[in-house]
Amino acid sequence: MTHADGAARRVRVVPKGPILVEGPVDVECADGSTIHCDRFKVAICACGLSATAPLCDASHRRRINREERRRR
């Protein structure tokens with residue numbers, strides 16, 4: 001991805017977390033609709049648990065906490 005000035009956007013994949021994209025950004029959804037995000041950093045859900053998909057709502061944290069409790 002590139003900014004309007006031609007510079008590359010940074011995309012960071014967080015292990016067991018979201019995909020972080022430097023914003024602002026337009027996110028194209030599976031149904032073809034578009035969500036415009038003005039934030040300087042946008043979190044895209046990678047776990048499939050978010051109630052606000054395709055944006056992350058930190059649901060992955062609850063999953064990780066449950067997995068850690070089971071190991072104890």
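- The minimum heavy-atom distance between Ser59 and Ala51, with the atom names listed, is OG-N, 4.5 Å.
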Under 3.5 Å, which donor-acceptor pairs do the side chains of residues 40-48 form with other protein atoms, sequence neighbours left out?
none

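- Of the possible polar contacts, one joining the Arg9 side chain to the Pro24 backbone as a donor-acceptor pair under 3.5 Å is found.
- A search for side chain to side chain donor-acceptor pair (under 3.5 Å) contacts involving Thr34 returns nothing, not counting sequence neighbours.
- Taken from CG in Asp57 to CZ in Arg62, the straight-line distance is 6.0 Å, to the nearest 0.5 Å.
- A donor-acceptor contact shorter than 3.5 Å is absent between the side chain of Arg12 and the backbone of Leu20.
- Taking hydrophobic clusters as Ile, Leu, Val, Met, Phe, Trp and Tyr residues chained together by side-chain heavy-atom distances below 4.5 Å, Val14 does not share a cluster with Val27.
- Closest of all the heavy-atom pairs between Cys37 and Leu55 is SG-CD2, 4.0 Å.
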